Each structure stands twice: as structure tokens, then as C-alpha cells.
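Here's the structure, in C-alpha cells; my notes come after.
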There are 2 protein chains.
Amino acid sequence: MVAPWYRAALFRVAGRRVLLCNELHSKMRGMALEHAILVSLLEQPGSGYELARRFERSIGRFWTATHQQIYRVLKRMETDGWVTAEQIGQEGRPDKRSFRVAPAGRSALTAWLHEPVQPEAIRHELAVKIRGAAFDGAAGRSALITEVERYRKTHQDILARYLAGEARDFPDPAALDVGQSLQHVVLRGGIAYERMVLTWLDDVLATLRDLHH
Amino acid sequence: MVAPWYRAALFRVAGRRVLLCNELHSKMRGMALEHAILVSLLEQPGSGYELARRFERSIGRFWTATHQQIYRVLKRMETDGWVTAEQIGQEGRPDKRSFRVAPAGRSALTAWLHEPVQPEAIRHELAVKIRGAAFDGAAGRSALITEVERYRKTHQDILARYLAGEARDFPDPAALDVGQSLQHVVLRGGIAYERMVLTWLDDVLATLRDLHH
DNA sequence: TCTGACATGTAACCAGTTACATGATTGG
DNA sequence: CCAATCATGTAACTGGTTACATGTCAGA
């Protein structure tokens, strides 16, 4: 079995099957952290630390990153000329290096934006655990109910945070500029996702309780 | 910035901050492919090739894996005694090695099932591209509309496949055993996800067209 | 005096991806 | 004869995680 796009590059040359992936697909690599950082820095220049906090909040819901990785990628982007740093001395706080996007970074982002969107790779551990619960006995499934309830609370908190953020940042949806409109529609995606998860978790809980008689 | 659980392990010892992660968290590593394979093999023993096809269909929606990785992990699981292989000679087809879960694998799975569910790491490239479209001009956003429409079709196809699979595999939801009930609720999660995505993509398209005047 | 927020890293490791490889059989 | 399906790999790479490290200042 091969991934769909991979299979598409299967050829036969003089009776032998060959793959010509580097020529055909070298430009089709999905995103790495770089592009998310570029978008974030275009919205607002900032330090590695500030980026890390943004990844905890807004962007991080669609692309996670730890501070360690952000600093490493930022360094590479700097040597590649995608971003430039400016040392900012602060009083009462450590100095910081504020990054902004350089022309080379902007064109790298534009190139990436025009590539086709890669299908999302979903990794949902809970779904695997639910199927695994079939092999864990009634006691295991009862423990899973407790765990799903806990897990549901975390998603309820996330939804509450999103809704509070929406009320705060987009109080008047009619009066938004382009960037804000796009940020708002992405946030609405997060809200829709969390609502869907909560509804599904209720379905999961009902199913597990039903199995329990 | 550190991940939440990481921060929780920050201590101060004799004025110095230290992390005691290996003691506290060594058992809290999330899932790797192993556990998804164990669940799949418990549901039905099979070869690496068969597993790869299952990952393309049902399980793969929640945990992707290529055949290369499956073979590698399967080998490790075999040397660890988590699975055992049986050589099966077939006529008209290559031989295959059919794997089934060994007691050690089953207890490894049980241990994992009782660990708390890790929060999902969502990676949604499209969301980043939508925010990036603010820096790509009107022409770029117009191209994005076309791309989102294409992308929407792929999700429509996935939903159609899910619904067909549901009608085929769960025609009578009242007469299911435990394993089937759990498989069904996971499939319903996939269906809910796809419906949510389609609704959101309509919202995205309306927003992009609105920006276009 | 201790905690928490601010601020920036290094190094080892590992999970997963990409590229490449081979060989048999069935069916159009 | 070609394509598709069945069947199983190796090797290089890279993105991301985990563990560990250091220092300042504000405020309880």
C-alpha cells in the first residue's frame, strides 16, 4: 500500500516499475512549522517567546509547536533570510529578539499558499481507545466512561474560551477588515469542531452506558 | 513556554529549578502506532499488507500509517513478543505472514487503555492557509476559493464512503455486539466530523466570496 | 523568600515520511 | 502486453518531542 499521490507516480519504464518522485513531487511537501510562523509574524511581529504563546492560543489549535521547536525553526529561517531579528532592550524584563518577515519569507509563503491543500492527517487517540475497549472487559469500559467525562470537560473549557475570544475580538462581525474576517472564519471552524466533539462525546457516553446495561 | 504537563513538573531544589520528568512522566507517553495495530489485530488477525489496507479505510481515519512503517513496527512488536506470526502459503498469490496478538501484547494494550487520553494534536493546514490569504491579495484569495471547492469535494466523497459503509456494516443498530457497537460509535464520530467540515467549508466559501464583493 | 511570568536556548532521541526496491499472478 | 492487486521490505532523512539548562524581575 502506498499513499495516493505516491501511487500516482508509479510508472513502468522498459518493463520495470519506477518511481519518479523527486521530479514530480519535490515541491508538493506539505507545510512545516515555517509557514505558520510566517503567517503569525505577518499578522504581528514578535519574539520567539511571544510566538510560543500565540501557538498556545489561536494558531496552536491548528498547528502545535513547543518553544524549543519554534526557536530552532526561527534560527533556520533567519539564516535563510526569511525573517530578520531586531534586538529590543526592555526595562524590568530580559531583552528579546523581535522577528519580522523579510521579502524572501513573504515569497516563500506565497508559493506555499498556491500549492494544493494536503489532506489533513487526523490522529485521534480516543477513537482507537474506544475500539480497544472491546477487549478490556466491562470494568475497563466503566473506567473509560470516567475518562471520557474528564476529557469532555477539557473540550467544554476549550469551547468556552473560544466563545469568550469571539465575543472579545469580533464584537461587530459587520465591521471587520480582510485579515480579521479570515481570522474569524478560522475561529468559527474551531468552535464548530469543539461543538461537534462535545455532541459526539455525548453519543460515546450514551453508547458506553448502554453497553453497561 | 512549556507544554502544560511539563510545567507541572517544575520544581525548585535548593534555589535551582529542576525538572523531574523521567520519574513523573515516563509512563505518560501517548500512543504510537503499536496500539492501533494491536486493536486492529485483536479485531481480526492479518498480514502487514492487510493492516495497511485497513489503515487506508477504517482505522486510518484516526491514525494514519504507511505500509513501510507498519512492517517496521510489526517487526519490533514481534521481537518484543507482542505479536506472533504464522506463515501462510497461498496458491496463486505470494505467501503472507499473518500476525496475531500474543499475551504480552494484550497486556501492553490494557496498560495503555488505562492511561489518560492525551489531548489531540490537530494539524489543519487549510486553517493556516486561510489566515495566510490575508497576505496574498485578491487574486490569491480567488485562487483559494477554487482550491477550497476542490478540497470540499474530497470531504464530500469521504462522507459518502462513510455513509455507505455504515449502511453496509451496521444495517440493524439494535442487533450489535460490544465490538460492533464501539466500531459504530467511532464511525459516527467520523461522519459527524465530515459533516462539520462541509458546513464549515461552506462558511469559508461564503466568507471568501463576500471579501471578493 | 518563593512563585510565576518573561526570555532563550542545546542535545538526544524517535516516530513518521519519502525514495527506492523486488517479484508473482490475474484480468482486460 | 499492460495495469492492478497482492506481498514485503531497506535506507536516508526530517520534523517534532522530551529532557535538561540558565538567568531576570515583579509581586504575594
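Because the structure is predicted, anything quoted here is derived from the model rather than measured. Here is how names work: the chains are called A, B, and so on, in the same order as the sequence lines, proteins then strands, and each is numbered from 1.
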Has B:Arg150 got more than 12 heavy atoms of other residues, nucleotides or ligands less than 6.0 Å from its CZ? yes
For B:Phe55 and D:dA7, give me the distance from atom CZ to atom P, rounded to whole Å. 17 Å
What is the distance from CD of A:Gln87 to P of C:dG9, rounded to the nearest Å? 9 Å
Would you say the base of D:dG9 and the side-chain of B:Arg72 have a donor-acceptor pair closer than 3.5 Å? no
Result for 5'-nearest mapping on DNA chain C, choosing between A:Ala121 and A:Arg97, is A:Arg97
Nearest-Å distance for atom pair NZ/P, residues B:Lys96 and D:dG9: 14 Å
Where do B:Glu166 and B:His184 land on the side-chain hydrogen bond (donor to acceptor under 3.5 Å, both in side chains) test, with the steps shown first? CA-CA 8 Å; B:Glu166 188 185 31; B:His184 191 197; 2.9 Å; yes
Given side-chain hydrogen bond (donor to acceptor under 3.5 Å, both in side chains), test B:Glu120 with A:His155 step by step and report yes or no. CA-CA 11 Å; B:Glu120 325 95 84; A:His155 276 278; 2.9 Å; yes
Rounded to whole Å, the CD-C1' distance (B:Glu50 to D:dC6) equals 10 Å
Tell me: CD1 of B:Ile70 to C1' of C:dG16, nearest whole Å? 12 Å
Closest approach to the side chain of A:Leu33, judged atom by atom: which nucleotide of C:dG16, D:dT8, D:dG16 is it? D:dG16
Report the distance from atom CZ of A:Arg161 to atom CZ of A:Arg57, rounding to the nearest 0.5 Å. 10.0 Å
Does a nitrogen or oxygen in the side chain of A:Lys75 sit under 4.0 Å from OP1 or OP2 of C:dT10? yes
Please check the phosphate of C:dC6 (OP1 and OP2 only) for any side-chain N or O of A:Tyr49 closer than 4.0 Å. yes
Mind checking side-chain hydrogen bond (donor to acceptor under 3.5 Å, both in side chains) for A:Glu149 and listing every partner two or more places apart, or none if nothing turns up? A:Arg209
Residues A:Glu115, B:Lys129: salt bridge by 4.0 Å N-O rule: no
Phosphate OP1/OP2 of D:dG9 contacted by B:Tyr71 side-chain N/O (<4.0 Å): no
Whole-Å distance between C:dA7 P and A:Ile88 CD1? 10 Å
Candidate nucleotides C:dT18, C:dG16, D:dG15, ranked by approach to the side chain of A:Ala32 - the nearest: D:dG15
Look at the side-chain N and O atoms of B:Gln69 and state whether any lies under 4.0 Å from the OP1 or OP2 oxygen of C:dT17. yes
Roughly, in whole Å, what's the span from CZ in A:Arg76 to C1' in D:dG16? 11 Å
Return whichever of B:Gly48 or B:Arg123 has its heavy-atom-nearest nucleotide of DNA chain D closer to the 5' end. B:Gly48
A:His67 has an atom NE2; how far is it from atom C1' of C:dC6, in whole Å? 12 Å
At under 4.0 Å, does any side-chain N or O of A:Thr64 touch on OP1 or OP2 of D:dG16? no
Axis-to-axis angle across the helix from C:dT1-D:dA28 to C:dG28-D:dC1, five pairs an end, to 10 degrees? 30°
Is the backbone of B:Gly179 close enough, under 3.5 Å, to the side chain of B:Asp177 for a donor and an acceptor to pair up by distance? yes
Does A:Thr110 reach the main-chain N or O of A:Arg106 with its side chain, forming a donor-acceptor pair under 3.5 Å? yes
